[in-house]
Amino acid sequence: MKIFIDDKFDYFEIKLGFKEKIASFHGSFEKVPLSKVKSVSNDIPQKSWKDMKNPGTDLPGFRAGSFTTLRGHEFWYANLKKESNFLVIELQDDTYDRIILTVDNNTELKEKFDRLIEKR
């Protein structure tokens, strides 16, 4: 997975690899306007047995795909064993209310998103 933030043209992209697309039943996120980003955090997201996958993969320690939760419509691609690597992107006026990922550079990405959100 590659995450690209373009501050010049005000959008971000999440490029999923072949295996990530298969596991999540989803394509890449292309040119999502930064104006739709409400907030970004590195907090551990809540997961419940009530969450409905539609479609997706939900295995012990791994979650990928679209899920309808009590918090709204969420996209997950997360290794749940890497609790310190979460990147949670809260969106507004979008198909998803939240994009939840585990990435190695989550702190760096959060800081970059925060700087761009502050500029607005």
Side-chain angles (χ1 to χ4, degrees):
M1 169 185 333
K2 294 180 183 171
I3 301 173
F4 176 72
I5 304 171
D6 188 326
D7 52 343
K8 182 177 178 184
F9 294 106
D10 200 37
Y11 69 85
F12 75 94
E13 294 183 333
I14 301 171
K15 300 281 189 183
L16 299 178
F18 179 74
K19 290 179 184 177
E20 294 161 337
K21 289 178 182 179
I22 297 294
S24 65
F25 296 90
H26 197 282
S28 296
F29 290 86
E30 304 282 341
K31 295 189 179 182
V32 179
L34 288 170
S35 60
K36 291 188 174 194
V37 177
K38 211 169 22 173
S39 67
V40 178
S41 76
N42 295 132
D43 298 337
I44 299 170
Q46 299 298 314
K47 183 182 169 201
S48 170
W49 63 271
K50 296 177 187 177
D51 298 350
M52 292 178 16
K53 60 182 175 196
N54 44 318
T57 303
D58 198 10
L59 301 170
F62 178 73
R63 180 178 256 205
S66 299
F67 291 81
T68 302
T69 71
L70 297 174
R71 296 166 305 283
H73 195 59
E74 300 177 343
F75 176 82
W76 287 67
Y77 196 89
N79 177 345
L80 304 175
K81 295 173 185 171
K82 292 186 172 184
E83 292 184 354
S84 63
N85 291 40
F86 279 105
L87 180 69
V88 180
I89 305 169
E90 301 266 346
L91 301 172
Q92 59 191 8
D93 304 323
D94 196 69
T95 304
Y96 291 100
D97 297 301
R98 221 163 273 93
I99 298 173
I100 301 163
L101 310 168
T102 49
V103 292
D104 292 333
N105 59 340
N106 64 327
T107 305
E108 176 188 323
L109 287 168
K110 179 195 178 308
E111 289 170 359
K112 189 166 186 179
F113 272 111
D114 287 345
R115 278 194 308 272
L116 294 171
I117 290 170
E118 283 178 18
K119 285 184 182 179
R120 285 192 266 161

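As a basis for the values below, the full set of heavy atoms in this structure was taken, side chains included, without hydrogen atoms, waters or symmetry mates.
A distance of 15.0 Å separates OG1 of Thr69 from NZ of Lys53, quoted to the nearest 0.5 Å. Atom NZ of residue Lys47 and atom CZ of residue Phe67 lie 7.5 Å apart, to the nearest 0.5 angstrom. Of the inter-residue distances, the one linking Ile5 atom CD1 with Leu34 atom CG reads 7.0 Å to the nearest 0.5 angstrom.
The shortest distance between side-chain heavy atoms of Arg98 and His73 does not fall below 4.5 Å. Looking at heavy atoms from C-beta onward, Asp51 lies in side-chain contact with Arg63 at the 4.5 angstrom threshold.
Val88 and Tyr77 end up in different hydrophobic clusters when Ile, Leu, Val, Met, Phe, Trp and Tyr side chains are linked at under 4.5 Å. Under the 4.5 Å side-chain heavy-atom criterion for Ile, Leu, Val, Met, Phe, Trp and Tyr, Ile44 and Val40 are members of distinct hydrophobic clusters. Met1 and Ile22 fall into different hydrophobic clusters, where Ile, Leu, Val, Met, Phe, Trp and Tyr are joined by side-chain heavy atoms under 4.5 Å apart, directly or via other members. Under a hydrophobic clustering in which Ile, Leu, Val, Met, Phe, Trp and Tyr are joined whenever their side-chain heavy atoms come within less than 4.5 Å, directly or via other members, Leu116 and Leu101 fall into the same cluster. Note on Leu80: it does not cluster hydrophobically with Phe62, by side-chain heavy-atom contacts below 4.5 Å among ILVMFWY residues.
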(request) Begin with the C-alpha distance, continue with both residues' side-chain angles, and end with the deciding distance and a verdict on side chain to side chain donor-acceptor pair (under 3.5 Å) for Asp10 and Ser35. (result) CA-CA 8 Å; Asp10 200 37; Ser35 60; 5.0 Å; no

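Smallest separation of non-hydrogen atoms from Phe75 and Tyr96: N-CD2, 3.5 Å. Phe86 and Asn42 make their closest contact through O-ND2, 2.9 Å (heavy atoms, listed as atom of the first residue, atom of the second, distance). Between Lys38 and Leu91 the shortest heavy-atom distance is CE-O, 3.9 Å. The two atoms that bring Val103 and Ile3 nearest to each other are CG1-CD1, 3.9 Å, heavy atoms only. Between His26 and Ser66, the closest heavy-atom pair is CD2-OG, 4.2 Å. The two atoms that bring Leu87 and Lys110 nearest to each other are CD1-N, 4.0 Å, heavy atoms only.
Counted within 6.0 Å of CD on Gln46, heavy atoms from surrounding residues, nucleotides or ligands total 12 or fewer; the atom is thus considered open.
Ion pair Lys36/Asp94 flagged as a salt bridge, since at least one NZ, NE, NH1 or NH2 atom sits closer than 4.0 Å to an Asp/Glu carboxylate oxygen.
The main-chain N or O of Phe9 is found under 3.5 Å from a side-chain atom of Asp6 such that the two form a donor-acceptor pair. Ser28 contributes a side-chain N or O that, together with a main-chain N or O of Leu16, makes up a donor-acceptor pair within less than 3.5 Å.
Note: Phe12 and Phe113 have perpendicular aromatic rings, judged against thresholds of 30 and 60 degrees for the angle between ring planes.
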